[in-house]
Protein chains: 2
Amino acid sequence: MGATKTEHFTDYQNQIAILAKALGHPARVAIIEYLMKVDTCICGDIVNELPLAQPTVSQHLKELKNAGLIKGSIEGNAICYCIDEKSLTKLQGYFANISDSLEKKKNNCC
Amino acid sequence: MGATKTEHFTDYQNQIAILAKALGHPARVAIIEYLMKVDTCICGDIVNELPLAQPTVSQHLKELKNAGLIKGSIEGNAICYCIDEKSLTKLQGYFANISDSLEKKKNNCC
DNA sequence: AATCTTTATCGTAATATTGCAATATAATTA
DNA sequence: TAATTATATTGCAATATTACGATAAAGATT
């Protein structure tokens with residue numbers, strides 16, 4: 001016990017959960033917001049932007065990358081990270097749908 | 001060490017992270033989707049809908065409630081859970097903003 | 001080639017999450 | 001009021017996450 005029972009849920013549910021989980025830490029939210037702020041993706045200074053040690057930031061970047069929220073490409077001896085549009089579009093669509101449905105229902109509830 | 005360094009991030013970043021984290025498990029995504037599916041919030045059968053034991057479901061419901069994604073009101077000896085619109089609207093707005101910004105930038109990146 | 005810069009990985013400690021059996025609580029019904 | 005029904009809490013084992021120092025890897029600079 002202790003591990004998530006992934007196999008009992010739909011692919012879609014798991015995908016949303018993976019994306020949401022990746023954003024389930026303020027440091028990772030901050031990373032996404034920083035990547036939004038800087039137009040280009042000439043990065044490398046993400047570590048300086050965050051109040052965390054370099055290995056910790058590296059680990060958070062890895063998690064965002066594994067979830068598909070960002071992508072990184074090698075740029076000399078640095079690495080250039082940027083947002084992966086597809087995943088954020090997916091989340092946007094998911095919550096837009098829910099909001100739409102809630103509005104239609106007029107929240108006839110509680 | 002081991003605990004999240006919440007205090008180093010903004011309130012908004014923490015709020016988004018808390019909401020996202022709550023959705024960071026497929027069971028909790030499934031619960032939200034079930035609450036969307038059934039119009040009313042006369043619940044009590046959430047446990048039967050999920051492939052998890054009753055205490056586990058109860059725990060997931062508690063986490064969704066703590067994050068502010070659902071609310072529960074006592075209805076006889078059962079408890080009536082339903083979606084808390086405010087939090088989902090917040091998430092919807094957050095991702096809509098990001099998507100808008102990404103589109104404006106035309107993703108000049110990588 | 002030696003050094004610097006940048007990022008990743010390893011190892012490890014602290015803490016959190018997941019899941020469930022057993023049990024408790026509280027309203028309902030018989 | 002005793003049994004039933006619905007949900008919560010407790011306690012615990014298994015696993016995952018968070019954070020960071022130390023170190024490795026790999027391209028850039030001198």
Side-chain angles (χ1 to χ4, degrees), chain A residues 1-9 13-14 17-31 34-35 41-67 69-82 110, chain B residues 1-9 13-14 17-31 34-35 41-67 69-82 110:
Chain A
M1 301 144 214
T4 294
K5 291 196 161 178
T6 330
E7 68 279 10
H8 293 314
F9 301 95
Q13 286 166 345
N14 279 307
I18 285 168
L19 291 175
K21 191 176 189 176
L23 285 174
H25 191 290
R28 295 195 288 266
V29 171
I31 289 172
Y34 180 67
L35 288 179
C41 58
I42 301 150
C43 311
D45 39 331
I46 300 178
V47 171
N48 304 320
E49 281 292 314
L50 292 182
L52 295 167
Q54 181 268 324
T56 309
V57 174
S58 187
Q59 199 175 297
H60 283 306
L61 286 167
K62 194 179 177 183
E63 270 165 78
L64 285 170
K65 201 171 149 195
N66 285 343
L69 281 162
I70 63 173
K71 39 190 178 173
S73 54
I74 296 161
E75 195 83 32
N77 70 339
I79 294 200
C80 155
Y81 279 112
C82 64
C110 304
Chain B
M1 300 145 220
T4 294
K5 291 193 161 181
T6 331
E7 67 279 11
H8 293 314
F9 301 96
Q13 285 166 344
N14 280 306
I18 285 168
L19 291 175
K21 190 176 190 177
L23 285 173
H25 191 291
R28 295 195 289 266
V29 172
I31 289 173
Y34 179 68
L35 288 180
C41 58
I42 301 148
C43 311
D45 39 331
I46 299 178
V47 171
N48 305 319
E49 282 291 315
L50 292 182
L52 295 168
Q54 182 268 322
T56 309
V57 174
S58 186
Q59 196 175 301
H60 283 306
L61 286 167
K62 195 179 176 183
E63 271 166 79
L64 285 170
K65 202 169 148 198
N66 285 342
L69 281 162
I70 63 173
K71 38 191 179 174
S73 54
I74 297 162
E75 195 83 32
N77 71 337
I79 293 201
C80 154
Y81 279 112
C82 64
C110 303

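Order of the sequence lines fixes the chain letters, A, B, ..., with proteins taken first and strands second; residue numbering starts at 1 for each chain.
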Where is the tightest heavy-atom contact between Leu19(B) and Ala67(B), given as atom of each residue plus distance? CD2-O, 3.3 Å
Do Leu35(B) and Ile46(B) have side-chain heavy atoms sitting under 4.5 Å apart? yes
Does Lys21(A) make a side-chain N or O approach to OP1 or OP2 of dT17(D) shorter than 4.0 Å? yes
Which nucleotide in the set dC20(C), dT18(C), dA19(D) lies at the smallest distance from any side-chain heavy atom of Arg28(B)? dT18(C)
d(NE2, His8(B); P, dA19(D)) in whole Å: 9 Å
Within a strict 4.5 Å, meaning less than it, do heavy atoms of the Phe9(B) and Val29(A) side chains meet? no
Glu75(B) CD - dT28(C) P separation (whole Å): 10 Å
Can you tell me the distance, in whole Å, between the CG atom of Asn77(A) and the P atom of dT6(C)? 7 Å
Identify the heavy atoms of Ala22(B) and Leu64(B) that sit nearest to each other, and give their distance. O-CD2, 3.9 Å
Separation of Asn66(A) atom CG from dT18(D) atom P, in whole Å? 13 Å
Using whole Å, report how far CG of Asn48(B) lies from P of dT5(D). 13 Å
Of the nucleotides dG27(D), dA8(D), dT7(C), which one has an atom closest to the side chain of Ile79(B)? dA8(D)
Using a cut-off of less than 4.0 Å, is there contact between a side-chain N or O of Tyr81(A) and OP1 or OP2 of dT6(C)? no
Close side-chain approach of His60(B) to Leu50(B), heavy-atom, < 4.5 Å: no
Just how far is it from atom NE2 of His25(B) to atom OG1 of Thr6(A), taken to the nearest 0.5 Å? 7.5 Å
List in numerical order all residues of residues 54-65 of chain A for which some heavy atom is under 4.0 Å away from an atom belonging to DNA chain C. Gln54(A), Pro55(A), Ser58(A), Lys62(A)
From NE2 of His25(B) across to C1' of dA16(C) the rounded distance in Å is 13 Å
Do Leu61(A) and Val57(A) come within less than 4.5 Å of each other through their side chains, counting heavy atoms only? yes
NA contact type, Leu52(A), heavy-atom cut-off 4.0 Å: base, sugar-phosphate, or nothing? sugar-phosphate
Minimum-distance nucleotide (side-chain atoms of Thr4(B) versus dA8(C), dA28(D), dA19(D)): dA19(D)
What is the distance, to the nearest angstrom, from the CZ atom on Phe9(B) to the P atom on dT18(D)? 11 Å
